[in-house]
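For ligands, and for the atoms within them, numbers begin at 1 and follow the listed sequence. All values below were derived from every heavy atom in this structure, side-chain atoms included, with hydrogens, water molecules and symmetry-related copies excluded.
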Amino acid sequence: MIVVSGIQPTGRFHWGNYFGAIKQYVELQDQADAAYYFIANLHALTTVRDAKVLRQNTIDAAIDLLALGINPDRATLFVQSDVPEVSQLCWLLMTRTPLGLLERCHAYKDKRAKGLPADAGLFTYPVLMAADILAYDADTVPVGEDQVQHIEVCRDLASSFNYLYGEVFVMPKAKIMEQAARVPGTDGEKMSKSYNNTIGIFDDPKAVRKTIMRIVTDSRPVDQPKDPETDHLFQLYSLFVGEKEREEMAARYRRGGFGYGEVKQALADVAEKFFAEAREYRKELEAKPQFVREVLGDGAAMARKRAAEVLQRAQSACGIKY
Ligand code: ADP
Ligand code: TRP
């Protein structure tokens, strides 16, 4: 199994990013023959226009990923733009990409629907993402539900290239964590930076508790039984605890006789404990910027080696090597 995934440095990571994507990165690094994880700064360029902010976000993302358990001895961690082969591969794929395929992709479609101006970078974003995946011969791509459409585009492009030029690319598959495919935010909608409903992984625990207390709930009175399965507060709580605690909480919901405030306090407690170790390790890493840069440098060198081989293969197949 060869695993690849990227995450954009567009702001600090939230619970949705952790349970939807990063947690799987950590689990898969131990199971995979190779795992490539990168900070997708070229993708972020379609939204982050401030150079200083992008630089800072990139370093922060690297520190966050290491703090959350990406182990440079087990996974290759790097910055997307440090592997120029991917951009070259992107062009080869671009020449085989029907416009209609991209017109259906949601990032672009949503922006157009809102009447916002979109650039060619945003429009062709799924092609760059396909290059990111195909460049490492990856077969497994851990992501949240919202990225599945992009992986489908990648599969389409790979099979059309293979059909025309022979077996060049490995066919990848999305890997989604069932329980966390769509982590709800404070308003019950999908947690996302774009919706302003996130809970930050590395926010100060006091601030996190405050945010949790503001999670929107229904106004059912204390004594009434509640259905845990449809409640987003319960869904969030479930992410942090084992089966036993989950069942206990579910039973309390069904019995009634408690307020949502109690569940919120319990959620804040388990969340604080859950990320405590990562928070400590993050502080250590922040004090070692040289180490973080070395990890990214070594990662880029490893990734380039693999990507260069795949690029060669694709170039030879389509007649670019003459
Ligand atoms: P955002 O929506 O906040 O901009 P990104 O689109 O940068 O987050 O997502 C980065 C990764 O985290 C992707 O793999 C995405 O699928 C995953 N992810 C983001 N939000 C959620 C969520 N609410 N539930 C599950 N996975 C998520
Ligand atoms: N588009 C992804 C996101 O917004 C980030 C990404 C870029 C990615 N390239 C990738 C994810 C390759 C998986 C594989 O979250």
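- In this structure, Gln80 and Ile39 have side chains that are not in contact, with every pair of non-hydrogen atoms separated by 4.5 Å or more.
- Nearest protein heavy-atom neighbour of atom 11 (C) of ligand 1: Asn17 ND2, 3.8 Å.
- Near Gly144, meaning under 4.0 Å from any of its heavy atoms, are these atoms of ligand 1: 14 (O), 15 (C), 16 (O), 26 (N).
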What's the verdict on side-chain contact (heavy atoms from CB on, under 4.5 Å) for Leu66 and Arg282, showing C-alpha distance, side-chain angles and the deciding distance? CA-CA 8 Å; Leu66 290 169; Arg282 192 180 199 289; over 6 Å; no
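- Ligand 1 lies within reach of His14, whose nearest heavy atom is under 4.0 Å from it.
- Atom CZ of Phe169 and atom CG of Asn162 lie 7.0 Å apart (nearest 0.5 Å).
- You'll find the ring centres of Phe13 and Phe202 outside the 6.0 Å limit.
- Taking only nitrogen or oxygen atoms, main chain and side chain alike, Pro142 does not reach within less than 3.5 Å of ligand 1.
- Note: Tyr136 and Phe78 meet the aromatic proximity criterion, with ring centroids under 6.0 Å apart.
- Side-chain N or O atoms of Asp82 include none that pairs as donor or acceptor with a backbone N or O of Ala300 at under 3.5 Å.
- Within ligand 1, counting atoms from 1 as listed, the ones closer than 4.0 Å to a heavy atom of Ala180 are 24 (N), 25 (C).
- Remark: Asp60 CG to Arg55 CZ distance equals 13.5 Å, nearest 0.5 Å.
- The ligand atoms of ligand 1 that sit less than 4.0 angstrom from a heavy atom of Met191 are 20 (N), 21 (C), 22 (C), 23 (N).
- In summary, the atoms of ligand 1 found under 4.0 Å from a heavy atom of Lys190, numbered by their order in the structure, are 2 (O), 20 (N), 21 (C), 22 (C), 23 (N).
- Close approach to Ala181 involves these atoms of ligand 1, each under 4.0 Å from a residue heavy atom: 24 (N), 25 (C), 26 (N).
- Evaluated by nearest non-hydrogen atom to atom 15 (C) of ligand 1, the leading choice among Asp146, Asn196, Asn197 is Asp146.
- For ligand 1 and Gly20, the ligand atoms under 4.0 Å from any heavy atom of the residue are 25 (C), 26 (N).
- In this structure, the protein non-hydrogen atom closest to atom 2 (O) of ligand 1 is Ser192 OG, 2.8 Å.
- Residue Gly16 has at least one nitrogen or oxygen atom sitting less than 3.5 Å from a nitrogen or oxygen atom of ligand 1, judged on distance alone.
- Seen from the ring of Tyr260, Lys226 counts as a face-on cation partner, given the 6.0 Å and 45° thresholds.
- In terms of protein heavy-atom proximity, atom 24 (N) of ligand 1 is closest to Val183 N, 2.7 Å.
- Taking the ring centroids of Trp15 and Phe274, they lie at or beyond the 6.0 Å cut-off.
- Atoms of ligand 1 found under 4.0 Å from any heavy atom of Val143, numbered from 1 in the order shown, are 14 (O).
- Residue Gln147 has no nitrogen or oxygen atom sitting less than 3.5 Å from a nitrogen or oxygen atom of ligand 1, judged on distance alone.
- In this structure, Tyr25 has its ring center at least 6.0 angstrom away from the ring center of Tyr18.
- Some N or O of Lys193 is nearer than 3.5 Å to an N or O of ligand 1, by distance alone.
- Under the 4.0 Å criterion applied to side-chain N and carboxylate O atoms, Arg306 and Asp137 are assigned as salt-bridge partners.
- Taking only nitrogen or oxygen atoms, main chain and side chain alike, Tyr25 does not reach within less than 3.5 Å of ligand 1.
- You'll find the side chain of Lys190 stays beyond 4.5 Å of the side chain of Pro184, heavy atoms only.
- Not less than 6.0 angstrom separates the ring centroid of Tyr108 from the ring centroid of Tyr125.
- Gln312 contributes atom CD, which lies 12.0 Å from atom CG of Leu89 (distance to the nearest 0.5 angstrom).
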One line per pair, note the atom names and distance for all nitrogen or oxygen contacts under 3.5 Å between ligand 2 and the protein.
{"unit_1": "ligand 2", "atom_1": "1 (N)", "unit_2": "Tyr125", "atom_2": "OH", "d": "2.6"}
{"unit_1": "ligand 2", "atom_1": "1 (N)", "unit_2": "Gln147", "atom_2": "OE1", "d": "3.1"}
{"unit_1": "ligand 2", "atom_1": "4 (O)", "unit_2": "Gln8", "atom_2": "NE2", "d": "2.9"}
{"unit_1": "ligand 2", "atom_1": "4 (O)", "unit_2": "Tyr125", "atom_2": "OH", "d": "2.9"}
{"unit_1": "ligand 2", "atom_1": "4 (O)", "unit_2": "Gln147", "atom_2": "NE2", "d": "3.4"}
{"unit_1": "ligand 2", "atom_1": "9 (N)", "unit_2": "Asp132", "atom_2": "OD2", "d": "2.8"}
{"unit_1": "ligand 2", "atom_1": "15 (O)", "unit_2": "Gln147", "atom_2": "NE2", "d": "3.4"}

